[in-house]
Amino acid sequence: MKKTTPTIAAERQYVIEKEKFVPVSAYFGEDTFNHKMMKEKLPKDTFRKLMEAINEDKTLDAETANIVAHAMKEWALEKGATHFAHWFQPMTGITAEKHDAFADPCGPGAVIERFSGKQLVQGEPDASSFPSGGIRATFEARGYTAWDMSSPAFIKRNGISTTLCIPTVFISYTGQVLDKKTPLLRSIRALNNSAVNMLKLLGAKNVTKVHANLGPEQEYFLIDMDYYYKRQDLVLGGRTVVGAPPAKGQELEDQYFGSIKERISSYMHDVEEELFKLGIPAKTRHNEVAPSQYEIAPVYEEANIAVDHNQLVMDTLKYVARKHRLAALLHEKPFAKINGSGKHVNWSLSDNHDNNLLNPGRTPEDSIQFLVFLIATVRAVYKHADILRAAVASYGNDHRLGANEAPPAIISVFLGEQLTQILSNIEKGTVNKATKEEIIDLGIASLPQVSKDNTDRNRTSPFAFTGNKFEFRAVGSSQNIASPALVINTMVAESLDELAEKIKAKGTKNINQAVFEVLKNEIKYIKPILFNGDNYTKEWEAEAKRRGLPNEKTTPSALKALITDKALKLFEKYEVLSNVELKSRYLIHVERYIKDLEIEVNCLNTMCMTQILPAALDYQKKLAKAIVDTKDVLGSAAVVSPQMEILKKILDLINNIYTTNKDIQAKVEAAGALHDEPKKAEMLGAKVKPKMDELREYVDALENLVDDETWPLPKFWEMLFIC
Ligand code: ADP
Ligand code: MG
C-alpha cells in the first residue's frame, strides 16, 4: 500500500483562519432558541405561558404555539435557515430529521416563508422504515413527532445549508413509543414524583421538583480520512475486522494526557466552537490511553438536555472531522488489542433549589437525606443489576466490556472506604431515638465532604460513587445515553418508593429513627453489590459468582433481562414502557445485534476474497517463481529452504483463510434458517464470532509475511500513528 507520510498528512491540515479572537461568552448558545432568546423575541404573556407549559409539563394552546412558531421562524430566517426539521431519536441509535422548506407557494410564481404552530408542535413522518420491533404493521406506519419543549430548538449548519431543528419525541399512530426520548422523559417524571415524595417524608420544605443530571465523558478515535476510506470494515461497520497489532501500542503510556498534536488541537477547537454555538458547555479535552484516542467531557446538565447534547456532540465530532480530513471513530472497539472507547455517564439528582441530593450533608438532617438517596440508588442497582447490564448491551460493547480496560460484565458498586465505614457503623449501631448525640456517634453528624481523591482511585468499578455523583462506566462510546439513564431513573424511583413505604410502616413520629431502622436493614441487603476492590481480576469474577451477582458476557444473553417479569413490571408500574413497548425494544436490540454481526461477516468475506487473498496469491506466485528461478540459475548450489518455508507458511494461511471463511458462511446460513431471532443471535454469537476471531488470526499472520507494498489495507501502525 502506498504510504501516506506525516508530511503529506500535515500538508492536508485544515487551516483555520482566525481573524480575531472572540471570547466564547460572546457567542455561547447563539444558535439555539433558548430561554434568553425566547424572552427577547416573545411577547411577555406568550413567554409566560410557554414557561408554564415547560415547567408544568402541559400542552401548549394553539394560539400560543402560533406566536412561538412565528418568532422562531423569524429568528431562524435571520440565522440563514431555509428549512425546518423535527429532530428525533429513533431506535437506530442515531438521530433523524426530515427537512421541510419554510418557503410555501402563495399565488402564481410566488412563495412566502411560513411556519405554523401546528408545524412546530407536531409532525407526521412515515415511520415504516424505522425499527419498531414489530410494534405495528406497515399499513399503519404513520408516526408522530411532538415538540419536546424542555429542549431548545437549534440551528444545524451543514455545508451551506442551514436548518432549524426542533427536538421532538417520536411515537406511532397508535401512541406507542418508537424512540429513546419518550421513555427518558417518562422516567424523569417518575423519578421526580418519587424523589419529591421522599423529600417531603423526610421533612424537606419548599422542594417542588427533582431532576436527574447527566455528565457524559465521550471517548473517540481520530484517524486520517485517507486511511478510513481504504477500509470498508471501518466505513461500514465502524471496527477493523482484521489488522495485526502494531509493534508499539500503548505500552509506553505516552498518549494519556500527552501534549495534543497541532492537527488534533485545531480539530478540537473547531468542534468546541460548534458546540458552544449550540449552547453545549464543552469543558474538558485530552488525549486518552490508546494512540489516536481522545476524550471530550461537557459540564453536566439536566438529563433531557444532556441526552440531546450528547447526540449533537457525537454528530459534531464526525462532521468537523470531515472538514479536517479526519475520521472520528465512535465505535467501542475500533482496533483489537488496543483500548476501546467508553462513555462514562455521571449521574446525580438536584432539587429545584439546585441542591445536589447526593452531596454528603453538613447537618444531621442533610446527612440523613444524603444517606437515603445514596442507599436508594445502590439498592436499585443491586435489585436491577441485570437490567442495567442489558441497557449497555450491544454488539460493539461486547468487544470492550471485560477486556481489562473497561469494567467487566458484572455490575457492582464502589463506595470507597469512608462511606463503607459509615454504612457499617449504621448497620452495627443501635439507634434508639436518633438524637443528635446518636447521629454524632454514628459518625455522620456532618459528613466529611467526600473528596474526589478518596473515591476516584478505583477506576475499575462499573458504578462508582465519586464524591457527589455516581459514575456509570459500562456505557459504550457510540450509545445514546438515554437508554442507561432511563433505567437508572426508573429503578431509583422504585427504590425510593419502596424505602418510603418501609419508613412509613415504622411510624413517622420520630422520622429519623424510622429512617435509621430501615437503612440498617437495607445496608445488610445491599452488601453483595458493594465492592471496593479491583474489578478486573479473576478472583472478583469468582467472588461475584458466590455473591450471586449476574455476569452476562454477551449481548444476546444480557438482553433477556429486559423481558423478565421483574423488568416488565418495573417499567409498566412507572409508565415508562408498557409491556408491548419493552418487548418490542428487546426485539429491536436482538435484531440490531444480528445485523451488526452480519455486516462484519460480509465485510470480512469481501475483504478476504477481493483484497487479502489476491494480494497473498500474488506474493505466493512471486515467491514460487523466485525459488524456481534461483534453482535454475544456481542449480544444486541454491539453498532455498528459507524461501520454501515462507512459501509454505503463506500457502497454509491462504488455505486456512479460505476454509474458515467458508465455514463462517455456512454457519451464518445455518443460523439464518432459525426463525427465532433471539436463538439466531445466540447462535451467531456462540458459533460465528469465535470463527471470525480465528480467521482474523490467519489474516493478521499473513499481514506480517506479505510484501508491505502490496498489502491492500492500511495497517494499524499507520492509522494510529500517522496523523
Ligand atoms: P474524570 O475523567 O476524572 O472522571 P471528567 O472531568 O472527565 O472527570 O468528567 C466528569 C464529568 O462528570 C463531567 O461531565 C462533569 O460535568 C460531570 N459531573 C460533575 N459533577 C456532576 C454531578 N453532580 N452530576 C452529574 N455529573 C457531574
Ligand atoms: Mg474524564
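In each ligand, atom 1 is the first atom listed, and ligand 1 is the first ligand listed. Since this is a predicted model, take the numbers as computed values, not measurements.
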Heavy-atom distance to atom 13 (C) of ligand 1: which of P298, A282, G467 wins?
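Result: the heavy atom closest to atom 13 (C) of ligand 1 is in P298.
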Check each of R473, E217, E301 against atom 10 (C) of ligand 1 and report the one with the nearest heavy atom.
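Nearest option to atom 10 (C) of ligand 1, by heavy atoms: E217.
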Going by ring-ring contact (aromatic ring centres under 6.0 Å, His included), name the residues that satisfy it together with Y220, two or more places apart in sequence or in a different chain.
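Y294.
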Please tell me if the side chains of N310 and N480 come closer than 4.5 Å, counting only heavy atoms from C-beta onward.
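Counting from C-beta outward, N310 and N480 never come under 4.5 Å.
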Could you check whether any side-chain heavy atom of F221 comes within less than 4.5 Å of a side-chain heavy atom of F335, counting everything from C-beta outward?
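With C-beta onward as the side chain, the pair touches.
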Atoms of ligand 1 close to V299 [distance to a heavy atom under 4.0 angstrom, numbered from 1]
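Once the distances to V299 are compared, the set is 16 (O).
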Salt bridge flag under 4.0 Å for residues R389 and E552
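Between E552 and R389 there is no salt bridge, as every charged N stays at least 4.0 Å from the carboxylate O atoms.
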Charged N-O contact under 4.0 Å between D31 and R157
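Salt bridge: yes.
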Is ligand 1 under 4.0 Å from a heavy atom in the side chain of N356, in the backbone, in both, or in neither?
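The part of N356 near ligand 1 is the side chain, not the backbone.
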Between R459 and ligand 1, which part of the residue brings a heavy atom under 4.0 Å of the ligand: side chain, backbone, both or neither?
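Side chain only.
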Ligand 1 contacted by E295 (non-hydrogen, < 4.0 Å)
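Contact check E295 vs ligand 1: positive.
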Are E471 and ligand 1 in contact, using a heavy-atom cut-off of under 4.0 Å?
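Yes, that is the case, since the closest heavy atom of the residue is under 4.0 Å from the ligand.
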Tell me whether H286 has any N or O atom under 3.5 angstrom from an N or O of ligand 1.
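No, there is no polar N/O contact under 3.5 Å.
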For ligand 1, which is the ligand I care about here, please tell me if S348 has any N or O atom under 3.5 Å from one of the ligand's N or O atoms.
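Among all N and O atoms of S348, at least one is under 3.5 Å from an N or O of ligand 1.
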If the condition is side-chain hydrogen bond (donor to acceptor under 3.5 Å, both in side chains), which residues does T377 pass it with, not counting sequence neighbours?
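For T377, no residue satisfies side-chain hydrogen bond (donor to acceptor under 3.5 Å, both in side chains) once neighbours in sequence are set aside.
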Evaluation steps, side-chain contact (heavy atoms from CB on, under 4.5 Å), between K277 and F28:
CA-CA 5 Å; K277 282 191 221 157; F28 187 80; over 6 Å; no
